[in-house]
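All chains are named by letter (A, B, ...) in the order of the sequence lines, taking the proteins before the strands, and each is independently numbered beginning at 1.
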Amino acid sequence: MAEVHVIGQIMGATGFSESSLLCKWGVHTGAAWKLLSGVREGQTQVDTPQIGDMAYWSHPIDLHFATKGLQGWPRLHLQVWSQDSFGRCQLAGYGFCHVPSSPGTHQLDCPTWRPLGSWREQLARAFVGGGPQLLHGDAIYSGADRYRLHTTSGGTVHLELSLLLRHFDRYGVEC
Amino acid sequence: MAAAAPSVFLLMVNGQVESAQFPEYDDLYCKYCFVYGQDWAPTAGLEEGISQITSKSQDARRALVWNFPIDVTFKSTNPYGCEIPHGLTPALSFEGPQIVLSVYGPDVFGNDVVRGYGAVHVPLSPGRHKKTIPMFVPESTSKLQKFTSWFMGRRPEYTDPKVVAQGEGREVTRVRSQGFVTLLFNVVTKDMRKLGYDTGPPDTQGVSGPSPPQGLPR
């Protein structure tokens, strides 16, 4: 079985209109992949930046997969939320990116989007907060049924991931 | 006589904690330590260190320079051998080593308070890597607690800085990022390729990490 190590960090996020951001992340893989060690999902701390506008999380990611096939290459899906001084959370953006497929260190910039809703919901979100959210998280990383959504863009999440592949050459796979 | 296939590999890391950028604070020192899973063991070098206290330079750069050496070698311990037979889950975990940094400095009353925590994985691919990591401090929950901790000189800190290297339990913490530290690593590995690992193209001029916002010296 070939193995993939994903080691890195969710560095932080830029471009969001709100400060005090946190990120909920998870990894989705196909049926041929098996997670041998590491945590498959998590939530970062809430960061309020003092310098500049980039919120920094430095959340460690350390995953070890074994795989029998190339289909279903791991995808990292992210939900960025902002937290106000009362502790309420409001959705700032959804995003996903594939884990890189070549060994080495990669800088990833993942753009995010959030559902727009009707003009009434947009007005309510501006004054009171809240706003529409997805019922099922798999719309973040799958293309099915996306055509129903009308969304607006959020900021960008920055990640740095290092890939370590093992035994891929044994199976003739070039990465 | 053919040599037996190796069962462990070595990771040799040397480098330095180069400098820091903290616009609001001065007279800082840093401590580093390494956090690693149970399948790694340091075989040579120092696992922890405390640097000197540095002050900002008088010129326009206002740089905080430590130039503090790092020199450690890790061995991956792997008693069951490195092969995973079909369908069997091995009993070991990888958890690559991370370096955890804590920066401290004096406050207005002269007490030693924490100015930032940060962590980054030690790169596993051979070559030269420069990393700039953001440093953050835990935030007080309420304004009253913030004032009391400023007055008494007892800021919120982590009881064990190694918590910074983990992802679990972070969802209940609120932090403030307030500076950056630049690290330089030179990595040499032994027997990783023989064990089947592909670490990617060698990095001769690897520069990674977020760039500080405009206006701060790089």
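Between B:Met135 and A:Ser58 there is no side-chain heavy-atom pair separated by less than 4.5 Å. The side-chain heavy atoms of A:Ser162 and B:His121, taken from C-beta on, include no pair separated by under 4.5 Å. Side-chain contact between B:Leu124 and A:Ile7: present, with at least one pair of heavy atoms (C-beta onward) separated by less than 4.5 Å. Counting heavy atoms from C-beta on, the side chains of A:Ile51 and B:Pro23 come closer than 4.5 Å.
Heavy-atom distances place no part of A:Leu63 under 4.5 Å from chain B, backbone and side chain included. Residue contact with chain A, scored on non-hydrogen atoms closer than 4.5 Å, involves the side chain of B:Glu139 exclusively. For chain B, no part of A:His158 is nearby; none of its heavy atoms comes within less than 4.5 Å. Proximity to chain B is limited to the backbone of A:Thr44, based on heavy atoms less than 4.5 angstrom apart. Using a 4.5 Å cut-off between heavy atoms, A:Thr48 touches chain B through backbone and side chain atoms alike. Of the atoms belonging to A:Leu163, it is backbone heavy atoms, and not side-chain ones, that fall under 4.5 Å from chain B.
Atom CZ of A:Arg146 is surrounded by more than 12 heavy atoms from other residues, nucleotides or ligands within 6.0 Å. Environment of CZ in A:Arg40: crowded, with over 12 heavy atoms of neighbouring residues, nucleotides or ligands closer than 6.0 Å. Heavy atoms from other residues, nucleotides or ligands lying under 6.0 Å from CD of A:Gln122 number more than 12. The 12-atom threshold is not exceeded at NZ of B:Lys190, counting heavy atoms of other residues, nucleotides or ligands nearer than 6.0 Å.
If you take CZ on B:Arg174 and OG on A:Ser85, they are separated by 8.5 Å, rounding to the nearest 0.5 Å. One distance of note links CD of A:Gln9 with CD1 of B:Ile133; it measures 7.5 Å at 0.5 Å rounding. Separating the CZ atom in A:Arg166 from the CE atom in B:Met192 is a distance of 9.0 Å, to the nearest 0.5 Å.
Note: A:Gln45 leads A:Lys24, A:Gln83, A:Gln43, A:Gln45 in heavy-atom pairs under 4.5 Å with chain B. Heavy-atom pairs under 4.5 Å with chain B peak, among A:Gly42, A:Gly8, A:Cys23, at A:Gly8. Between chain A and the options B:Gly118, B:Ala119, B:Gly167, the largest number of non-hydrogen pairs under 4.5 Å is found for B:Gly167.
When all heavy atoms of B:Thr199 and A:Pro103 are compared, the closest pair comes out as C-CB, 3.8 Å. Nearest heavy-atom pair across A:Asp62 and B:Gly96 is OD2-N, 3.0 Å. Across every non-hydrogen atom of B:Ser177 and A:Pro49, the tightest pair is OG-CA, 3.5 Å. The two residues A:Trp57 and B:Phe136 come nearest to each other via the heavy atoms O-CE2, 4.4 Å.
Using cut-offs of 30° and 60° for the angle between ring planes, the B:Tyr197 and A:His5 rings count as tilted.
Partners of A:Tyr94 by ring-ring contact (aromatic ring centres under 6.0 Å, His included), not counting sequence neighbours, listed by chain and number: A:Trp113. Looking at residues two or more places apart in sequence or on another chain, you find a side-chain hydrogen bond (donor to acceptor under 3.5 Å, both in side chains) between A:Arg88 and A:Asp84.
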